[in-house]
Amino acid sequence: MVKVAYVQMEPKILELDKNLSKAEKLVKEAAKREAKLIVLPELFDTGYNFESRDEVFEIAQRIPEGETTTFLMDLAGDLEVYIVAGTAEKYNDRLYNSAVLVGPTGYLGKYRKIHLFYREKVFFDPGDLGFNVFDLGFIRVGIMICFDWFFPESARTLALKGADIIAHPANLVMPYAPRAMPIRALENRVYIITADRVGEERGLRFIGKSLIASPKAEVLAMGSETEEEVGVAEVDISLVRNKRINDLNDIFKDRRPEYYFR
């Protein structure tokens with residue numbers, strides 16, 4: 001059994017220092033409640049509703065050398081926790097809506113959002129690293145970002161690659177994900193941690209309702225629609241490593257991929 005957490009917060013657009021400071025307080029609260037894996041929202045450090053690609057380029061950071069990843073590494077090291085956090089990544093002349101994974105030993109990896117939503121296509125380049133799973137020793141963590149959830153292949157790919165938990169930084173504006181994520185968890189027999197943001201930004205309102213979903217489609221923790229808060233739940237990794245639902249059915253061994261995509 002291990003405790004995991006989401007951080008639900010309200011980033012301020014283009015205010016890096018304030019966002020990092022706020023995240024630090026909330027991550028420390030989660031660590032105080034004994035969470036070992038803590039997930040922060042999509043673009044927690046920059047805000048979301050940009051006006052131009054130039055605006056993003058000014059605040060985006062390199063990974064892992066940039067201020068945001070360095071901050072997260074220091075925080076994870078001090079608290080002896082693992083953190084997944086969404087951030088704007090600058091890579092040469094490209095910009096990615098990315099997420100980083102850090103832990104007590106430092107930087108562990110990153111993911112670049114594959115399915116860009118609406119005006120994100122104006123500001124970001126589509127992700128090019130694929131879906132990967134990171135083995136932390138005690139759990140295996142896969143990462144997807146916000147709109148990736150809308151494509152069942154995202155969670156399924158991570159589950160097939162061995163993820164126990166899918167960390168899901170998000171900035172949700174449509175109402176569907178809080179209802180859908182327990183089903184994504186059920187159909188893949190994984191835990192999913194959706195860390196959403198709250199508040200309104202340049203006329204765009206975010207829905208909150210961060211959640212932790214179980215392989216049995218249970219909602220183990222859920223946030224409000226408006227408040228900054230931390231949600232913590234205890235997860236049983238042995239449950240996700242058994243893909244059997246009865247004596248005769250195994251959700252992965254029963255797949256018939258030769259009949260899919262025809």
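Given the structure is predicted, the values throughout are model-derived calculations rather than measurements. All values below come from the heavy atoms of this structure, side chains included, with hydrogens, waters and symmetry mates left out.
Judged as a salt bridge (Lys or Arg N to Asp or Glu O under 4.0 Å), the pairs with a partner in residues 219-233 (not counting sequence neighbours) are, in order, K22-E228. Sequence neighbours left out, not one pair with a member in residues 220-247 passes ring-ring contact (aromatic ring centres under 6.0 Å, His included). Here ring-ring contact (aromatic ring centres under 6.0 Å, His included) pairs that include residues 177-207, with residues two or more places apart or in two chains, are Y48-F206. Among pairs with a residue in residues 145-168, those fulfilling salt bridge (Lys or Arg N to Asp or Glu O under 4.0 Å) read R140-D164, D164-R241, at least two apart in sequence or across chains.
Considering only residues two or more places apart in sequence or on other chains, F147 meets the ring-ring contact (aromatic ring centres under 6.0 Å, His included) condition with F117, F150, F151.
Within the 4.5 Å cutoff, the side chain of E10 has heavy atoms near those of the R197 side chain. The side-chain heavy atoms of P104 and Y82, taken from C-beta on, include a pair separated by under 4.5 Å. By the 4.5 Å heavy-atom criterion applied to side chains, V56 and T46 are not counted as neighbours.
Among D196, I145, T87, the single residue meeting the side-chain contact (heavy atoms from CB on, under 4.5 Å) criterion with E42 is I145.
Taking Ile, Leu, Val, Met, Phe, Trp and Tyr as members and joining any whose side-chain heavy atoms lie under 4.5 Å apart, directly or through other members, the hydrophobic cluster of I251 also contains L160, I245, F252.
Under the 4.5 Å side-chain contact rule for hydrophobic residues, V39 and V198 do not share a cluster. Both Y176 and M144 are members of a single hydrophobic cluster when ILVMFWY side chains are connected at heavy-atom separations under 4.5 Å.
Between the side chain of N188 and the backbone N or O of A159 there is no donor-acceptor pair closer than 3.5 Å.
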